[in-house]
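Notes follow the structure.
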Amino acid sequence: MNLQEHAAKAIKDGANCWQCGKTPTESNIKSRPDKNGWDVDGFEDRQWIYFECTNGQCRYQTSFAKLRILGANWPPAPKVIDGDVEIHFRDGVFESRNRPLD
């Protein structure tokens, strides 16, 4: 999915600003390179995806990781630990494919 498709899915699934609760728009989605981010079509590196609130009093940046909108078709944001362990958020639980988490 490209950045706009990620935004549309998040909005459809109920994304809101963590600070003030305002619903984001597709135009205020942002990203930056981050090895713990999502694969996004059109970018060579993984991207950390977030919405910047359009409420002039707020401007809070709500990341997709904070939104926890991780349905069956949602690509989870991996966490890289010790250089080779990926942890994914699935069904409300963090799991590792290399070792169990405590």
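Throughout, numbering of the chain's residues begins at 1 and tracks the sequence. All values derive from a computational prediction rather than experimental measurement.
Here salt bridge (Lys or Arg N to Asp or Glu O under 4.0 Å) pairs that include residues 18-34, with residues two or more places apart or in two chains, are Arg32-Asp34.
Interatomic distance, CZ of Arg46 versus OG of Ser31, reported as 13.5 Å (0.5 Å rounding). Note that OG of Ser63 and CH2 of Trp18 are 7.5 Å apart. Values are rounded to the nearest 0.5 Å. Note that the CZ atom of Phe64 and the CD1 atom of Ile29 stand 4.0 Å from one another [nearest 0.5 Å]. Separation of atoms CG (Asn28) and OG1 (Thr23) is listed at 10.5 Å; rounding is to 0.5 Å. For the atom pair CG of Asp39 and CD of Glu44, the computed distance is 12.0 Å after rounding to the nearest 0.5 Å. Expressed to the nearest 0.5 Å, how far OH of Tyr60 lies from CG of Asn16 amounts to 13.0 Å.
Arg59 is not listed as a side-chain neighbour of Cys53, based on a closest heavy-atom distance of 4.5 Å or more. In this structure the side chain of Ile11 reaches within 4.5 angstrom of the side chain of Pro24, judged on heavy atoms.
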Open item on the list: Using the rule given for side-chain contact (heavy atoms from CB on, under 4.5 Å), can you reason through Val40 versus His6, listing the C-alpha separation, both sets of side-chain angles and the distance that settles it, and then say yes or no?
Closed with: CA-CA 8 Å; Val40 178; His6 278 287; 4.1 Å; yes

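Classification of the Trp48-Trp38 ring pair by plane angle, with boundaries at 30° and 60°, yields tilted.
Among residues two or more places apart in sequence or in another chain, the side-chain contact (heavy atoms from CB on, under 4.5 Å) test is passed with Asn2 by Gln4, Glu5, Asp41.
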